[in-house]
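Presented below is the structure to which this report refers.
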Amino acid sequence: MDVIEIIGGKPLKGKVRISGSKNAALPILASTLLTNSKVRLTNIPNLSDIFSMIELLKSLNVKIYKKSNYYTFKSDTPKSLIASYELVRKMRASFLILGPLLSRYGYAKVSLPGGCAIGTRPVDLHLDGLKRMGASFAIKNGYVHGSVKGKLKGTSINFKKKSVGATENLIMAATLAEGKTIINNAAQEPEIDDLCNFLIQIGAKIKGHGTNVITIEGVKKLNGGEFGVMPDRIEAGTFALSVLGCSGNLILTGVNNEIYKHLKDIFKPIKLLKLKKIDNKSFCIEKVKNGELNLKITTKEYPGFPTDLQAQLTSALLKIQGFNEINEKIFENRFMHISELRRMGAKIRKKGSKVEITGVKEIYGAELMATDLRASSCLIIAGLMAKGKTIINRVYHLDRGYENIEKKLKACGAKIDRIKK
């Protein structure tokens with residue numbers, strides 16, 4: 001099993017190319033089930049979650065060909081409409097195939113999903129919305145059995161709370177449904193916008209994406225096409241917070257204006273971190289000075305501060321003078337990295353949904369264990385900041401969402417290596 005070994009204390013300086021977005025690519029991959037025409041996708045990141053989704057699609061008779069910089073997908077009628085536990089258990093996003101299968105074939109048997117253990121993420125919003133469109137469900141032996149008499153029917157759906165996955169599943173289901181579907185209180189993440197842009201590219205009729213009311217007019221058939229997946233805003237944010245923790249400056253390439261504006265907005269209270277636009281595909285991140293911060297940040301749905309950057313921000317603040325507070329309002333169990341950071345000498349107090357961080361002069365390398373995807377990158381940032389050697393175990397979590405992060409950091413002056421044990 002691989003481990004990451006870090007000798008801390010080096011500032012970061014150089015260029016980093018941001019990979020394609022995992023959270024945009026996964027629903028787009030699932031949506032290839034909606035058409036029997038060829039689809040070509042570029043900027044797909046090389047991640048274990050992507051490979052898991054590809055294996056799942058292959059099991060459903062999707063023919064997939066990979067060239068150097070793109071994938072081609074051709075979804076033919078599967079012999080079986082079953083997504084097995086073995087394929088679904090590794091990744092929660094596997095559940096996104098439910099809407100496409102019900103919409104195109106009228107039946108699906110999908111294992112209840114796995115993924116990071118960061119809190120309860122029930123699938124009831126997915127099922128409730130699909131029920132309103134005419135689907136029936138039974139849950140037996142860990143599987144969701146869904147069926148539709150005829151076609152799904154367009155309807156008005158009002159989410160009790162925002163859900164990225166449920167919004168995506170229902171958008172995909174609605175593309176081939178009969179009539180108009182209106183999703184109220186829809187999630188507004190850029191990755192949903194990317195999914196909608198792809199679906200429109202292949203013939204879907206969607207309006208309002210990027211807002212909290214999305215309207216989909218069902219069509220009889222979707223076509224083929226070509227699409228480039230958006231860059232990963234969470235990876236870009238992770239590198240920005242690495243600079244905050246370690247000092248130095250990085251130029252991020254392969255990004256876009258939307259990511260620049262989003263990060264500039266959410267990092268606005270962090271006065272020690274400066275973002276400067278270079279052109280439409282790159283910007284510079286610099287820690288401008290040492291100083292004190294006294295932040296109160298709450299994780300929120302987009303366009304608020306992302307829960308997927310909470311752990312990395314926690315690490316980046318460990319050695320900054322002041323008293324900082326982060327309130328985690330999305331997932332109730334996303335603090336498993338705290339005990340590992342304390343082992344490095346961090347001064348962190350957990351109070352309910354909040355963590356309070358008091359800056360210390362130094363943290364120290366230790367042997368650590370990653371518990372989930374974002375905790376993995378949080379521990380890497382801490383290791384880069386620490387005095388001495390840090391070893392991070394269970395880095396398979398890291399490979400779910402970061403493409404070659406250790407190689408990218410090493411090219412920017414970090415002393416970091418992946419070692420096979």
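Closest approach of Ala346 and Leu318 over heavy atoms only: CB-CD2, 3.6 Å. Minimum interatomic distance between Ile381 and Ser242 (heavy atoms only, all atoms of both residues): CG1-OG, 3.5 Å. Minimum heavy-atom separation, Val243 to Gly248: CG1-O, 3.4 Å. Across Val288 and Lys271, no two heavy atoms sit closer than the pair CG2-O, 3.8 Å. Residues Gly20 and Asp232 come closest through the heavy atom pair O-CB, 3.8 Å. The two atoms that bring Ser247 and Asn290 nearest to each other are OG-OD1, 4.4 Å, heavy atoms only.
Side chain of Thr299 to backbone of Lys329: a donor-acceptor contact under 3.5 angstrom is found. Remark: the backbone N or O of Ser19 is paired with a side-chain donor or acceptor of Glu235 at under 3.5 angstrom. Ser103 places no side-chain N or O within donor-acceptor distance of the main-chain N or O of Pro100, the cut-off being under 3.5 Å. Of the possible donor and acceptor atoms, one in the side chain of Ser315 sits under 3.5 Å from a partner among the backbone N and O of Cys378. In this structure, the side chain of Thr167 engages the main chain of Ala187 through a donor-acceptor pair within 3.5 Å. Remark: side-chain polar atoms of Asp194 are paired, donor with acceptor, to backbone N or O of Met230 under 3.5 angstrom. Side-chain atoms of Glu328 come within 3.5 Å of backbone N or O of Ile330 as a donor-acceptor pair. Although no hydrogens or angles enter the test, the distance criterion places no donor-acceptor pair under 3.5 Å between the side chain of Glu217 and the main chain of Lys205. Side-chain atoms of Asn393 never come within 3.5 Å of backbone atoms of Val3 as a donor-acceptor pair (strictly under, hydrogens ignored). Checked by atom type and distance alone, the side chain of Thr32 pairs as donor or acceptor with a backbone atom of Leu29 at under 3.5 Å.
Ion pairing between Arg17 and Glu403 fails under the 4.0 Å rule for side-chain N and carboxylate O. Ion pairing of Lys58 with Glu55 is present here, as a side-chain N (NZ or NE/NH1/NH2) and a carboxylate O approach within less than 4.0 Å. In summary, Lys277 and Asp279 do not engage in a salt bridge, as defined by a charged side-chain N under 4.0 Å from a carboxylate O. Lys276 has no carboxylate O lying under 4.0 Å from a charged side-chain N of Glu286, or vice versa, which leaves the two without a salt bridge. Using a 4.0 Å cut-off between charged nitrogen and carboxylate oxygen, Glu191 and Lys22 do not count as a salt-bridge pair. Remark: Lys161 does not engage Asp124 in a salt bridge, criterion side-chain N to carboxylate O under 4.0 Å.
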Quiz item: When you look at Asn46 and Phe51, which way does the side-chain contact (heavy atoms from CB on, under 4.5 Å) test go after all the steps?
Solution: CA-CA 8 Å; Asn46 292 310; Phe51 303 144; 3.9 Å; yes

Quiz item: Taking it one step at a time, do Tyr260 and Lys281 satisfy side-chain contact (heavy atoms from CB on, under 4.5 Å)?
Solution: CA-CA 9 Å; Tyr260 170 72; Lys281 293 186 177 180; over 6 Å; no

Practice problem: Could you walk me through whether Asn61 and Lys63 pass the side chain to side chain donor-acceptor pair (under 3.5 Å) test, one step at a time? | Solution: CA-CA 6 Å; Asn61 204 26; Lys63 305 296 189 295; 2.7 Å; yes

Quiz item: Under the side chain to side chain donor-acceptor pair (under 3.5 Å) criterion, do Glu325 and Asn327 qualify, and how do the steps go?
Solution: CA-CA 7 Å; Glu325 179 184 281; Asn327 191 0; 5.8 Å; no

Practice problem: Could you check Lys221 against Asn36 for side chain to side chain donor-acceptor pair (under 3.5 Å), going step by step and ending with a plain yes or no? | Solution: CA-CA 9 Å; Lys221 179 180 172 60; Asn36 63 0; 3.0 Å; yes

Exercise. Given side-chain contact (heavy atoms from CB on, under 4.5 Å), test Ile214 with Thr181 step by step and report yes or no.
Key: CA-CA 8 Å; Ile214 301 175; Thr181 301; over 6 Å; no

Quiz item: When you look at Asn212 and Asn185, which way does the side chain to side chain donor-acceptor pair (under 3.5 Å) test go after all the steps?
Solution: CA-CA 5 Å; Asn212 65 352; Asn185 199 28; 5.2 Å; no

Self-check item: Verdict with supporting geometry, Cys412 and Leu250, side-chain contact (heavy atoms from CB on, under 4.5 Å)
Solution: CA-CA 8 Å; Cys412 297; Leu250 292 177; 3.6 Å; yes

Quiz item: Could you go step by step and tell me if Arg394 and Asp2 meet the salt bridge (Lys or Arg N to Asp or Glu O under 4.0 Å) rule?
Solution: CA-CA 7 Å; Arg394 292 189 181 176; Asp2 293 1; over 6 Å; no

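With respect to His337, the side chain to side chain contact (heavy atoms under 4.5 Å, CB included) criterion is satisfied by exactly one of Gln312, Arg374, Gln310: Gln310. With Pro27 as the fixed residue, the side chain to side chain contact (heavy atoms under 4.5 Å, CB included) test singles out one of Ile192, Leu96, Ile171, Leu199: Leu96.
Counting heavy atoms from C-beta on, the side chains of Ile157 and Met133 come closer than 4.5 Å. Side-chain contact between Phe239 and Leu12: absent, with no pair of heavy atoms (C-beta onward) separated by less than 4.5 Å. When side chains are defined from C-beta on, Val355 does not count as touching Arg349, because their heavy atoms never get closer than 4.5 Å.
In this structure, Lys387 forms no cation-pi arrangement with Tyr364, as its terminal cationic atom is not both closer than 6.0 Å to the ring centre and no more than 45° off the ring axis. With Tyr143 as the aromatic partner, Lys109 meets the cation-pi criteria of under 6.0 angstrom to the ring centre and within 45 degrees of the ring axis.
Note: His126 and Phe95 have perpendicular aromatic rings, judged against thresholds of 30 and 60 degrees for the angle between ring planes.
Heavy atoms from other residues, nucleotides or ligands lying under 6.0 Å from CZ of Arg343 number more than 12. Counting heavy-atom neighbours within 6.0 Å of Lys162 NZ, excluding the residue itself, gives a total above 12. Residue-environment remark: NZ (Lys296) stays at or below the threshold of 12 foreign heavy atoms within 6.0 Å. Atom CZ of Arg342 sits in a crowded spot, with more than 12 heavy atoms from other residues, nucleotides or ligands closer than 6.0 Å. Counting heavy-atom neighbours within 6.0 Å of Lys347 NZ, excluding the residue itself, gives a total of 12 or less. Sparse packing is recorded around NZ of Lys13, with 12 or fewer heavy atoms of other residues, nucleotides or ligands lying under 6.0 Å away. Open room surrounds OH on Tyr85; 12 or fewer heavy atoms of other groups in view lie less than 6.0 Å from it.
Expressed to the nearest 0.5 Å, how far CD1 of Ile285 lies from CD1 of Ile251 amounts to 10.0 Å. Asn223 contributes atom CG, which lies 6.0 Å from atom OG1 of Thr35 (distance to the nearest 0.5 angstrom). Remark: Leu222 CG to Leu34 CG distance equals 6.0 Å, nearest 0.5 Å. The OG atom of Ser31 sits 9.5 Å away from atom CZ of Phe73, with the distance rounded to the nearest 0.5 Å. Once rounded to the nearest 0.5 Å, the distance linking CD1 of Ile54 with CG of Leu87 reads 12.5 Å. Put simply, CD on Glu406 and CG on Leu398 are 7.0 Å apart, with the number rounded to the nearest 0.5 Å.
Under 3.5 Å, the side chains of Ser48 and Tyr396 contain no donor-acceptor pair of N or O atoms.
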